[in-house]
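As the structure is a prediction and not an experimental result, all values here were calculated from the model. Atom set for the values below is all heavy atoms of this structure, side chains included, hydrogens, waters and symmetry mates excluded.
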Amino acid sequence: MEAPKEDPEAAEKLKLWGNEQLKEGNQLKAIELYTEALNHHRTEAILSNRCLAYTQLRKYKEALHDVEQALYIKPDFAKAHIRAFTCYQ
């Protein structure tokens, strides 16, 4: 089975839809959209956003996993450091 081809444009669209769902309080749908976006293109921003959705659902283990991956991609990503701190509160 072939790995899916990178598609940053599709990932960005899915991330934006996920952001809309998150703003409306639909964390589960947002997580679904962010996960699909990550299948197209893995970025620290998408991981950080999915972390936020998990945090809002109090799923701190999943949130921490995502934020750790975001920081691996971009160690100086300030928003991810803030979200990591939130996971430990």
Lys29 and Glu32: CA distance, side-chain angles, deciding distance, salt bridge (Lys or Arg N to Asp or Glu O under 4.0 Å) verdict = CA-CA 5 Å; Lys29 183 64 178 176; Glu32 181 182 314; 3.1 Å; yes
task = Following the transitive rule for hydrophobic clusters with a side-chain heavy-atom cut-off under 4.5 Å over Ile, Leu, Val, Met, Phe, Trp and Tyr, establish whether Leu52 and Ile46 coincide in one cluster.
result = yes
key: Path from Tyr54 to Leu28 over hydrophobic side-chain contacts below 4.5 Å   = yes
message = For His81, is the NE2 atom crowded, meaning more than 12 foreign heavy atoms sit under 6.0 Å from it?
response = yes
key: Within-4.5 Å side-chain heavy-atom neighbours: Thr55 and Cys51   = yes
request  = Please go through Leu33's hydrophobic cluster and name the other residues, only I, L, V, M, F, W, Y counting, with side-chain heavy atoms under 4.5 Å joining them.
outcome  = Leu14, Trp17
ask   = Are any of the side-chain nitrogens in Lys15 or Glu12 under 4.0 Å away from the carboxylate oxygens of its partner?
value = yes
key: Least distance between heavy atoms, Gln27 atom then Ala53 atom   = CG-O, 3.9 Å
key: Contact summary for Arg83 and Ser48, nearest pair of heavy atoms   = NH1-OG, 2.7 Å
query = Step by step, would you call Val67 with Leu64 a side chain to side chain contact (heavy atoms under 4.5 Å, CB included)?
reply = CA-CA 5 Å; Val67 81; Leu64 189 58; 3.8 Å; yes
ask   = Under the salt bridge (Lys or Arg N to Asp or Glu O under 4.0 Å) rule, what pairs show up with a residue in residues 53-81, not counting sequence neighbours?
value = Arg50-Asp66
Interatomic spacing from CG in Leu47 to OG1 in Thr35 - rounded to 0.5 Å = 9.5 Å
message = Go through it in stages, so that I can follow the logic: the residues are Gln69 and Ile73, the test is side chain to side chain contact (heavy atoms under 4.5 Å, CB included), and I'd like the CA-CA distance, side-chain angles, deciding distance and then a yes or no.
response = CA-CA 6 Å; Gln69 288 184 27; Ile73 294 170; 5.5 Å; no
request  = Grab the two heavy atoms, one from Leu22 and one from Tyr34, that are nearest each other, plus how far apart they are.
outcome  = CD2-OH, 3.8 Å
